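Step one of this worksheet: look at the structure below.
Bear in mind that the values here come from a model prediction, so they are computed numbers and not experimental data. Residue numbers start from 1 in every chain, and the chains themselves are labelled A, B, ... in the order their sequence lines are given, proteins ahead of strands.
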2 protein chains.
Amino acid sequence: MSEELEKAQDILLGKVNQLCAKFGLNNVMAQLYIVLYLQGKSMSLDAMVERLKISKGSVSVNIRALERYGAVRKVWVKGSRKDFYEVETDISRLIIERVKSMIQGRLSEVKEAIDASHRALNSIKPVDKEERESIKVFNERLNQLNKVQNKARGLFNLFNSSFLNKAIGLKTKRNNKEEMVEIH
Amino acid sequence: MSEELEKAQDILLGKVNQLCAKFGLNNVMAQLYIVLYLQGKSMSLDAMVERLKISKGSVSVNIRALERYGAVRKVWVKGSRKDFYEVETDISRLIIERVKSMIQGRLSEVKEAIDASHRALNSIKPVDKEERESIKVFNERLNQLNKVQNKARGLFNLFNSSFLNKAIGLKTKRNNKEEMVEIH
DNA sequence: TAGTTTGTTTAGAACGTTTTAAACGATGTG
DNA sequence: CACATCGTTTAAAACGTTCTAAACAAACTA
């Protein structure tokens with residue numbers, strides 16, 4: 001691979017690195033994915049080590065994590081004993097699936113915590129007027145939190161049921177062939 | 001504040017801690033906010049130190065960060081020389097504003113990186129057939145990325161213009177008074 | 001079977017982030 | 001003015017995470 005091509009890739013890799021930091025994600029996984037994605041062909045572990053200048057152990061661990069996510073798959077290359085990996089190119093489906101399951105998971109967790117806190121609160125027998133007042137405020141706040149959480153959930157469900165899929169062009173018969181969008 | 005009330009709060013605080021880790025956020029800020037929010041009254045720095053068992057320096061830095069975000073405000077308490085802070089309780093507006101600006105920022109960053117990478121790619125003069133092929137694939141991938149990014153942007157704009165505000169009950173005259181949502 | 005090549009595991013190093021304690025500065029008080 | 005009470009800053013420690021090099025295991029080759 002030419003040095004110039006590598007540089008053009010590195011621009012994207014640098015930004016991905018930044019974004020990962022902001023979202024608390026593992027950047028090696030993201031970079032492996034991007035390299036495979038832009039390359040458009042399968043690569044061996046050694047090739048990835050060479051390309052990203054990281055240790056083989058790290059590549060091994062992270063490429064398998066990507067495989068578990070369904071982001072890459074192992075492919076057989078005739079005449080080589082090495083493991084080759086190629087990318088799942090339907091990137092929008094991949095992103096959407098991950099975002100969806102993430103939102104769902106977090107919403108459930110939050111709801112669970114609110115409910116647990118609420119139960120604990122309701123089991124308290126207030127000893128004086130001040131405590132009764134504290135409990136009242138606490139209750140109001142939990143109800144408010146619950147309301148926000150419910151709205152977010154409703155929004156997500158609406159989104160999930162049809163709007164999102166149409167807007168992003170997934171699962172519709174019409175949009176089966178990829179219409180190209182030119183840059184500039 | 002009674003031990004039982006503190007325990008009921010701590011349930012929520014624990015979950016917030018987990019969520020912060022998953023999103024790469026600062027958990028002290030989140031915990032300060034939650035404590036002030038559930039308490040429903042202003043607190044001094046010392047009270048927060050006592051409540052969360054963290055150093056005063058940490059409270060000082062993080063409460064001011066919250067203030068910059070517009071999440072809390074300093075209030076004057078008669079007869080005390082201490083700084084008291086109270087929470088901005090319109091939590092849904094707060095969350096939405098932050099999510100919105102975050103999405104917008106990230107989308108712009110991604111677009112910028114794609115464009116830069118694309119420009120670098122287009123300035124390359126391929127020396128052989130193989131390199132020409134690499135560039136072609138690379139170009140296709142960048143176009144694909146751009147398409148996803150465009151769709152996400154379109155979705156966000158649609159969302160932002162009306163749908164989100166209606167669904168979440170913001171900025172509408174009707175929903176001005178808070179309708180309570182009961183838990184269980 | 002002995003020797004290679006390959007992928008995986010792991011103990012410790014390197015790294016960045018967060019937290020704290022102590023120093024500091026500013027402001028009020030007797 | 002001397003002292004006390006705050007909030008802020010900062011240097012160093014504590015912490016968790018990520019990365020690497022080396023050991024290891026498994027599969028192939030001669």
So B:D83 and B:W76, side-chain contact (heavy atoms from CB on, under 4.5 Å) or not? Walk me through it. CA-CA 7 Å; B:D83 291 353; B:W76 178 72; over 6 Å; no
Between atom [atom1] in [X] and atom [atom2] in [N], what is the gap in whole Å?
| X | N | atom1 | atom2 | answer |
| --- | --- | --- | --- | --- |
| B:L32 | D:dG7 | CG | P | 13 Å |
| A:E67 | C:dT8 | CD | P | 9 Å |
| A:L52 | D:dT18 | CG | P | 17 Å |
| A:Y85 | C:dT6 | OH | P | 15 Å |
| B:D83 | C:dT27 | CG | P | 12 Å |
| B:I54 | D:dC15 | CD1 | C1' | 16 Å |
| B:W76 | D:dC6 | CH2 | P | 16 Å |
| B:L45 | D:dT9 | CG | C1' | 14 Å |

State whether B:D10 and B:R51 are salt-bridged, where the test is any N-O pair (Lys NZ or Arg NE/NH1/NH2 against Asp/Glu carboxylate O) under 4.0 Å.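 Salt bridge between B:D10 and B:R51, a charged N being under 4.0 Å from a carboxylate O: yes.
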Identify which nucleotide among [options] has an atom closest to any side-chain atom of [X], counting heavy atoms from C-beta outward.
| X | options | answer |
| --- | --- | --- |
| A:V61 | D:dT20, C:dT9, C:dG7 | C:dT9 |
| B:V28 | D:dT8, D:dT20, C:dT19 | C:dT19 |
| A:S60 | C:dT19, D:dT9, C:dT9 | C:dT9 |
| A:D46 | C:dT19, D:dT9, C:dG7 | C:dG7 |

### Position toward the 5' end of DNA chain C (nearest nucleotide), A:G57 or A:K82
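This one resolves to A:K82.
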>> What contact category does B:K74 fall into here, base, sugar-phosphate, or nothing, at under 4.0 angstrom with non-hydrogen atoms?
In response: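 No contact.
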Under 4.0 angstrom, heavy atoms only, what part of the nucleic acid is B:V59 near: base, sugar-phosphate, or nothing?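 Result for B:V59 = nothing.
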Look at the side chain of B:R81 against the base of D:dT5 and say whether a donor-acceptor pair falls under 3.5 Å; ignore hydrogens and angles.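 Yes.
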Side-chain contact, heavy-atom cut-off 4.5 Å: A:I54 with A:V49?
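No. Closest side-chain heavy atoms not under 4.5 Å.
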TODO: Kindly say if A:N27 contacts the phosphate of C:dG16, meaning a side-chain N or O under 4.0 Å from OP1 or OP2.
DONE: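 Looking at the OP1 and OP2 atoms of C:dG16, neither is under 4.0 Å from any side-chain N or O of A:N27.
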_Is it the case that the side chains of B:R119 and B:S123 hold a donor-acceptor pair, with the cut-off being a distance below 3.5 Å and no angle test?_
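Side-chain D/A pair, B:S123 to B:R119: absent.
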For this session: Please check if any side-chain donor atom of A:Y37 sits under 3.5 Å from a side-chain acceptor atom of B:Q144, or the reverse.
Result: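 A donor-acceptor contact under 3.5 Å links the two side chains.
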message: Please compare A:K56 and B:I63 by the position of their nearest nucleotide in DNA chain D and report the one closer to 5'.
response: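 Its nucleotide being nearer the 5' end, the pick is B:I63.
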